[in-house]
Amino acid sequence: MPVEVARYLSTSELRAKWTDRYDRQAEDDSRKELWWTASTWLNVLDCGHLVAGPHVYFWRTGEIVHAWCDNRYRKIDGHRAWATDVIYEAMPAEEFELAVREFLDGVLAAMQVRVDFIESTDWKPDGVHVDVEQLRREQANNARHSVTGRRQAPTVWSSVAAALKVTLNC
């Protein structure tokens with residue numbers, strides 16, 4: 001991420017402003033396309049499977065990966081869903097990539113143990129059909145992507161910077 005975009009996230013206050021605007025813009029149809037352009041750089045951890053899942057964002061400046069987790073508005077029955085409202089960490093990109101790869105390798109190894117168990121025992125819980133061939137294909141596909149990685153299309157930073165300037169009123 002270039003400096004002209006990184007400046008919008010350089011302090012806790014600016015990150016909170018960005019997150020607040022992001023939440024509001026997601027609901028504002030008239031500016032949705034502009035907000036989409038402003039957000040193309042964003043890598044968000046998908047936590048949709050969790051009730052009141054955290055909002056976790058990642059970005060990279062030079063050789064540093066930043067992680068910003070904003071849970072200020074995440075509530076369950078009116079109560080805070082998370083013990084910490086805001087978390088920010090930065091680490092060398094190489095260290096981050098190594099940790100992600102180790103985590104992914106661990107998940108894939110654990111899944112392979114489960115696939116092997118299903119194949120070797122002909123495991124069939126009541127009322128559940130397990131398509132073992134499809135399970136094998138998915139496991140192979142996931143393993144292939146863990147090595148090559150999934151890449152996004154290149155970000156057009158000049159468009160992102162212009163859209164951020166408008167959406168954040170900076």
Side-chain angles (χ1 to χ4, degrees), residues 1 9 15-16 18-20 22-27 29 32-33 35-157 160:
M1 167 184 299
L9 303 165
R15 287 188 293 272
W18 189 89
T19 302
D20 291 345
Y22 179 82
D23 288 339
R24 283 196 308 270
Q25 289 298 335
E27 299 167 4
D29 287 340
K32 199 168 272 221
E33 189 172 328
W35 187 251
W36 175 254
T37 300
S39 305
T40 57
W41 60 273
L42 184 62
N43 291 300
V44 181
L45 183 63
D46 183 359
C47 297
H49 62 288
L50 299 173
V51 174
H55 289 169
V56 184
Y57 312 95
F58 297 97
W59 66 96
R60 179 176 173 166
T61 54
E63 292 305 311
I64 302 296
V65 172
H66 305 263
W68 165 253
C69 181
D70 188 346
N71 299 313
R72 291 175 295 150
Y73 307 113
R74 309 307 292 160
K75 299 191 184 297
I76 298 174
D77 297 328
H79 301 282
R80 288 176 41 189
W82 299 93
T84 303
D85 287 338
V86 175
I87 301 168
Y88 169 79
E89 291 292 331
M91 68 174 58
E94 187 174 304
E95 183 181 327
F96 178 80
E97 184 175 341
L98 178 62
V100 168
R101 287 187 183 277
E102 286 176 356
F103 175 78
L104 182 55
D105 289 347
V107 169
L108 289 170
M111 285 303 301
Q112 189 61 53
V113 167
R114 288 172 176 86
V115 170
D116 292 345
F117 172 79
I118 290 169
E119 287 181 318
S120 67
T121 62
D122 199 30
W123 179 73
K124 290 185 175 125
D126 290 339
V128 176
H129 169 71
V130 178
D131 184 340
V132 177
E133 286 300 316
Q134 179 61 29
L135 194 58
R136 261 194 235 116
R137 283 192 299 273
E138 286 182 29
Q139 180 69 3
N141 185 50
N142 289 336
R144 205 171 31 257
H145 283 297
S146 76
V147 173
T148 61
R150 296 179 187 181
R151 300 285 180 196
Q152 291 179 217
T155 302
V156 180
W157 290 110
V160 170

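Computation of the quantities below employed the complete heavy-atom set of this structure, encompassing side-chain atoms and omitting hydrogens, waters and symmetry-equivalent molecules. Since this is a predicted model, take the numbers as computed values, not measurements.
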Query raised in the report: What heavy-atom pair brings Cys69 and Val56 nearest, and what distance separates the two atoms?
Result: SG-CG2, 3.8 Å
Query raised in the report: What orientation do Phe58 and Phe96 show, parallel under 30°, tilted 30 to 60°, or perpendicular over 60°?
Result: tilted
Requested in this report: List for me each residue that meets side chain to side chain contact (heavy atoms under 4.5 Å, CB included) alongside Phe117, sequence neighbours excluded, and say none if there are none.
Outcome: Thr121, Trp123
Query raised in the report: Got Val130 and Val128 here, is their nearest side-chain heavy-atom distance under 4.5 Å?
Result: yes
Report task. Any chance you could measure Leu98, atom CG, to Met91, atom CE, to the nearest 0.5 Å? Result -> 10.5 Å
Query raised in the report: Taking Asn141 for the side chain and Arg137 for the main chain, is one N or O donor matched with an acceptor at less than 3.5 Å?
Result: no
Requested in this report: Would you give the length of the straight line joining atom CH2 of Trp59 to atom CD1 of Ile64, rounded to the nearest 0.5 angstrom?
Outcome: 12.5 Å
Report task. With rounding to the nearest 0.5 Å, note down the distance linking CG in Asp70 to CD1 in Ile87. Result -> 10.0 Å
Requested in this report: Report the distance from atom CZ of Arg72 to atom NE2 of His55, rounding to the nearest 0.5 Å.
Outcome: 11.0 Å
**Report entry** Residues which pass side chain to side chain donor-acceptor pair (under 3.5 Å) with Trp68, listed by chain and number, not counting sequence neighbours
**Finding:** Thr19
Query raised in the report: Is a side-chain donor or acceptor of Gln112 paired with a backbone partner of Gln139 at a separation under 3.5 angstrom?
Result: no
**Report entry** N/O donor-acceptor pair under 3.5 Å between Asn71 side chain and Arg74 backbone
**Finding:** no
Requested in this report: Can you run down the salt bridge (charged side-chain N to carboxylate O under 4.0 Å, His left out) pairs that involve residues 80-91, sequence neighbours left out, and say none if there aren't any?
Outcome: Arg80-Asp85
Query raised in the report: Does any non-hydrogen side-chain atom of His66 lie less than 4.5 Å from one of Leu9?
Result: no
Query - Distance, nearest 0.5 Å, that separates OG1 of Thr155 from CE of Met1 - result: 8.5 Å
Query - Under 3.5 Å donor-acceptor, Trp82 side chain and Ala52 backbone - result: yes
